[in-house]
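Let me begin by presenting the structure, written as structure tokens, before commenting on it.
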Amino acid sequence: MTDPSMSLAEIFRRLIRTNGPISLSRFMGESNARYYAGKDPIGAGGDFVTAPEISQMFGELIGLWLADMWIKAGRPDPVLYVELGPGRGTLARDVLRSAKRYGLVPAVHLVEGSPALREIQQATLGNITFHDDLTGVPTHAPMLLVANEFFDALPVRQLVRAAHGWRERMVGLDGEKFAFVAGDQPMDAAVPRDWRKASQGTLIETCPGAAAVMQEIAGRLAAQGGAALLIDYGHTELRGGSTLQAVQGHRKVDPLAMPGQADLTAHVDFETLARIARSHDVRWMGTVPQGRWLTALGIDMRAEALARMAPDYAVRLQQDKNRLIADDQMGLLFKVMGLAGPGWPGGSGFDHT
Ligand code: SAH
């Protein structure tokens with residue numbers, strides 16, 4: 001644990017001066033732990049806005065999807081609702097309200113690292129159980145798992161093809177400022193096979209933390225049954241290049257400039273996550289753009305129904321819907337990956353069901 005009275009930038013500077021450069025993955029992991037621990041960064045007054053904070057329709061349609069899966073699976077009881085990185089608890093609230101209309105009332109287990117956000121989630125949701133990670137979540141019942149913008153916050157490793165092989169991208173110091181430097185340890189073993197022979201200068205990102213969480217989810221779906229929706233921005237095939245970014249006050253800022261004070265994220269590599277899921281006895285339904293998935297689930301009809309109930313908000317509802325599904329907004333960049341345990345049905349909105 002780091003000393004909370006000292007700025008993280010100061011801690012990193014001391015560490016680097018004493019021991020040399022630190023890995024980007026460590027820089028990002030400790031930055032985000034500090035960033036989320038003390039505050040609620042989500043919403044208009046914070047640093048960034050997420051889909052559930054844009055519109056209740058997002059969580060309602062996810063609740064509908066989960067309830068549909070559960071009904072087709074024969075309404076198993078007990079059943080768990082598990083959410084990773086629930087933010088303000090808004091998504092869980094909308095999911096659970098919508099699921100309840102179909103008779104689905106699961107036990108709620110939240111995986112949340114931030115004490116500040118736990119407090120808000122508790123106030124919003126009431127009877128819930130918190131976990132630091134998935135390992136403590138019960139194993140006796142099927143699990144309906146949702147993660148929205150969770151994987152993008154997990155620390156990435158950046159690997160660069162140098163003259164004589166692959167090296168890790170590290171963070172060192174240029175005077176007082178943090179700067180990228182190449183590590184001196186060979187990292188070829190950490191590079192996916194297809195990429196090992198890439199040309200000099202190629203950079204790829206891997207996320208060992210995401211791979212570990214995916215292993216755990218897939219193992220549980222195979223053993224406990226259930227279904228999972230992973231929603232995040234990212235790509236369906238691993239690509240070269242850095243996607244690391246930092247956001248503060250709704251603006252992009254230098255990712256190395258203010259550790260612990262800006263949200264650091266990277267695109268999610270859905271190709272690797274899907275490969276891990278498929279190496280277990282798990283049905284991979286597909287990874288589809290968020291806009292297409294929400295449209296297939298009936299977001300247009302839901303927006304019209306809400307507009308009939310609240311005509312004053314009709315224009316606003318259209319705008320919010322547009323933010324979630326339009327190609328130039330969240331519709332294309334964000335992807336939805338669907339998974340289910342053996343014997344569980346295919347879910348709506350995916351191509352491969
Ligand atoms: N899903 C929410 C919040 C996204 S922000 C929404 O859509 O609004 C990322 C969330 O993941 C926050 O709740 C943050 O505290 C949590 N988080 C980030 N890294 C984590 C980690 N390593 N372990 C547990 N929770 C983490």
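When a ligand or atom number is given, it counts from 1 through the structure's own listing order. Below, each value reflects all heavy atoms present in this structure, side chains not excepted, and no hydrogens, waters or symmetry copies. For reference, positions follow the sequence shown, starting with 1.
- The closest approach between Leu154 and ligand 1 falls below 4.0 Å for a heavy atom of the residue.
- Atom 9 (C) of ligand 1 has Glu149 O, 3.4 Å as its closest protein atom, hydrogens excluded (heavy atom only).
- For atom 25 (N) of ligand 1, the closest non-hydrogen atom on the protein side is Gly113 N, 3.2 Å.
- The closest approach between Ile42 and ligand 1 falls below 4.0 Å for a heavy atom of the residue.
- Interatomic distance, CZ of Arg302 versus NZ of Lys321, reported as 13.0 Å (0.5 Å rounding).
- Ligand 1 places these atoms under 4.0 Å from at least one heavy atom of Leu117: 12 (C), 13 (O), 15 (O).
- Those atoms of ligand 1 with a heavy atom of Thr50 less than 4.0 angstrom away are 6 (C), 7 (O), 8 (O).
- In terms of polar-atom proximity, Glu53 is not counted as a contact of ligand 1, lacking any N or O under 3.5 Å from an N or O of the ligand.
- The shortest distance between side-chain heavy atoms of Pro259 and Leu264 does not fall below 4.5 Å.
- Around atom CD of Glu119, no more than 12 heavy atoms belonging to other residues, nucleotides or ligands sit under 6.0 Å away.
- By the neighbour-count criterion of 12 heavy atoms within 6.0 Å, atom CZ of Arg97 is densely surrounded, having more than that number from other residues, nucleotides or ligands.
- If you number the atoms of ligand 1 from 1 as listed, the ones under 4.0 Å from a heavy atom of Gly87 come out as 2 (C), 3 (C), 13 (O).
- Nearest non-hydrogen protein atom to atom 23 (N) of ligand 1 is Phe150 CE1, 4.1 Å.
- Counting heavy atoms under 4.0 Å from ligand 1, residue Pro52 touches it through the side chain alone.
- The shortest N/O to N/O separation between Glu112 and ligand 1 falls below 3.5 Å.
- Under 4.0 angstrom from ligand 1, there are no non-hydrogen atoms of Leu91.
- Screening Arg251, Lys252, Lys39 for a salt bridge (charged side-chain N to carboxylate O under 4.0 Å, His left out) involving Asp47 leaves a single residue, Lys39.
- The 12-atom threshold is not exceeded at CZ of Arg239, counting heavy atoms of other residues, nucleotides or ligands nearer than 6.0 Å.
- Contacts classified as ring-ring contact (aromatic ring centres under 6.0 Å, His included) and involving residues 85-122 (residues at least two apart or in different chains) are given here: His109-His131.
- Among Tyr36, Phe151, Phe58, the residue whose heavy atom lies closest to atom 5 (S) of ligand 1 is Tyr36.
- Close contacts of ligand 1 with Ser114, meaning ligand atoms under 4.0 Å from a residue heavy atom, involve 15 (O).
- For atom 7 (O) of ligand 1, the nearest protein heavy atom (residue, atom name, distance) is Asn148 ND2, 2.8 Å.
- The N/O atoms of Gly85, backbone and side chain alike, include one that comes under 3.5 Å of an N/O atom in ligand 1.
- Between Glu176 and Arg17 a salt bridge is recorded (basic side-chain N to carboxylate O distance below 4.0 Å).
- For ligand 1, the polar-atom distance check finds no N/O of Leu84 at less than 3.5 Å from any of the ligand's N/O atoms.
- Taking a 6.0 Å sphere around CZ of Arg196, one finds it holds more than 12 heavy atoms contributed by other residues, nucleotides or ligands.
- Of the possible polar contacts, one joining the Arg220 side chain to the Leu134 backbone as a donor-acceptor pair under 3.5 Å is found.
- The distance from the CG atom of Asn148 to the CZ atom of Phe58 is 4.0 Å, given to the nearest 0.5 Å.
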